[in-house]
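Quick notes on the structure that follows.
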There are 2 protein chains.
Amino acid sequence: MSKDDRAVARERIIESMEQSAEVYGLSRSAGRIYGVLYFSKEPLSIPDLVEETGYAKSTISNVTRTLTRIGLIHRRSSEGGGRRVHYSAEREIWIILQDVFQQYIQREVQTTLRTIQRAQAQLPDDNETELERIEELRETYEDFQEIVTLASNLTAAELREALESYER
Amino acid sequence: MSKDDRAVARERIIESMEQSAEVYGLSRSAGRIYGVLYFSKEPLSIPDLVEETGYAKSTISNVTRTLTRIGLIHRRSSEGGGRRVHYSAEREIWIILQDVFQQYIQREVQTTLRTIQRAQAQLPDDNETELERIEELRETYEDFQEIVTLASNLTAAELREALESYER
DNA sequence: TCGTTTGTTCGGAGTGTACCGAACAAACTG
DNA sequence: CAGTTTGTTCGGTACACTCCGAACAAACGA
């Protein structure tokens with residue numbers, strides 16, 4: 001109801017975002033900065049963010065760079081065309097997750113799969129435990145790759161529907 | 001072909017596992033220990049692992065505990081029933097991933113969702129940007145939760161099939 | 001032009017984490 | 001029973017990471 005209550009609710013959610021940030025391998029400051037931008041009506045400059053978050057200017061500068069690189073926030077040169085830069089949050093969280101998936105998981109699965117395939121190519125089939133293990137791994141990773149590729153072409157709603165409508 | 005070549009291939013894959021371990025928030029040593037166990041014909045004791053990996057006994061002890069807790073490896077008291085303990089790798093990687101999902105992602109999504117719902121309950125509807133933002137968030141997280149729940153009941157093959165057979 | 005504002009870069013302090021070696025507890029083997 | 005082997009616990013070191021403040025570069029306004 002009161003302005004205070006709303007601020008408290010907002011603060012709780014931002015704290016939750018700080019925690020989520022850690023899970024995804026980012027710093028707490030990244031979570032807070034994203035959170036503040038998420039709730040802000042208009043894009044914020046670096047001094048604004050310093051004011052809102054209490055972090056040092058340099059911290060804001062560094063964190064906004066990585067957040068921009070990942071795609072969690074967007075960087076806009078202000079209307080005036082001047083040096084001043086404004087940041088806004090990407091609010092389509094599904095898109096963010098897909099990007100993270102693309103960058104981390106998929107890349108990681110792909111390089112692993114390549115390693116496995118190369119290792120396999122170098123080995124003749126003289127039937128040993130090791131070779132079976134490697135073959136096992138390859139199949140699993142091929143499944144992963146396919147799943148990730150397919151999932152990253154769907155929206156959250158579509159993915160949900162795909163799973164809900166699936167009959168075993 | 002030669003024993004050496006096979007060792008090199010194995011080493012490459014284990015290095016790749018070290019890297020994957022970091023992505024999943026574990027230490028490099030955890031990746032290597034899992035890798036060695038993955039390729040081992042029979043379960044290994046802590047001294048065996050010291051010999052194979054070069055890590056200190058204490059490191060092996062600590063890391064095996066966390067790996068066991070997560071479910072990546074299994075701990076077996078040896079046949080003799082004595083004090084000696086043997087470890088073997090869980091080779092169904094999909095099961096591992098599901099567990100990690102369950103433990104990290106789902107828990108995190110759930111607590112966030114609870115926070116949002118609580119925040120929402122405290123606020124009346126006096127139509128502000130912030131309220132819309134929170135509502136937006138809630139819907140997204142509800143989708144996530146549903147997706148994660150559904151996916152964690154499927155095997156990799158089933159999930160793959162569900163996605164492949166989905167028509168937009 | 002000079003002072004002010006904005007953003008980046010750099011070095012450093014504080015903190016957490018991975019790993020090690022030593023000390024210890026528990027069980028086996030002679 | 002001593003001596004050995006196995007596993008855990010504890011303190012310490014090395015290293016990476018987060019964040020800060022200061023110095024700097026670039027653009028603005030007087």
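Letters A, B, ... are given to chains in the order of the sequence lines, protein chains preceding strands, and every chain is numbered from 1. The structure displayed is predicted, hence computed values, not measured ones. These numbers come from the heavy atoms of this one structure, side chains and all, not from hydrogens, waters or symmetry mates.
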Please give, in whole Å, the distance from [N] [atom2] to [X] [atom1]?
X	N	atom1	atom2	answer
B:Ile46	C:dA27	CD1	P	15 Å
A:Arg32	D:dT18	CZ	P	17 Å
A:Asp48	C:dT6	CG	P	9 Å
B:Leu44	D:dT6	CG	P	13 Å
B:Glu18	C:dA18	CD	P	14 Å
A:Leu49	C:dT8	CG	P	12 Å
B:Arg84	D:dT4	CZ	C1'	12 Å

Problem - Results of side chain to side chain donor-acceptor pair (under 3.5 Å) for A:Thr64 - residues two or more places apart only - result: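 Listed in chain order: nothing, the list is empty.
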Problem - B:Glu90 backbone acceptor or donor facing B:Tyr34 side chain under 3.5 Å - result: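 Checking the backbone N and O of B:Glu90 against the side chain of B:Tyr34, a donor-acceptor pair under 3.5 Å is found.
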Exercise for the section: Please determine if A:Arg32 forms a cation-pi arrangement with A:Tyr55, meaning its NZ or CZ atom is less than 6.0 Å from the six-membered ring centre and no more than 45° off the ring axis. Expected result: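 Not flagged: A:Arg32 not positioned over aromatic ring of A:Tyr55.
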Handout entry: Any A:Ser61 side-chain nitrogen or oxygen under 4.0 Å from OP1 or OP2 of C:dG7
Key =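 For C:dG7, OP1/OP2 do not have a side-chain N/O of A:Ser61 under 4.0 Å.
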Problem - Among D:dT8, D:dG7, C:dG7, the one nearest B:Arg65 by side-chain distance - result: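 Output: D:dT8.
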Problem - Any A:Ile14 side-chain heavy atom under 4.5 Å of A:Phe39 side chain - result: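 Side chain of A:Ile14 against side chain of A:Phe39, heavy atoms only: contact under 4.5 Å found.
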Handout entry: Note, A:Thr155 side chain near A:Glu158 side chain (heavy atom, < 4.5 Å)
Key =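 Result yes, sub-4.5 Å side-chain heavy-atom pair found.
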Exercise for the section: Quick one, give me the B/S/- string for nucleotides 19-24 of chain C, reading 5' to 3', where B means a protein heavy atom under 4.0 Å from the base and S means that only happens at the primed atoms, P, OP1 or OP2. Expected result: SBBB--
Problem - Electrostatic pair A:Glu15:A:Arg28 at N-O distance under 4.0 angstrom - result: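 Salt bridge absent between A:Glu15 and A:Arg28.
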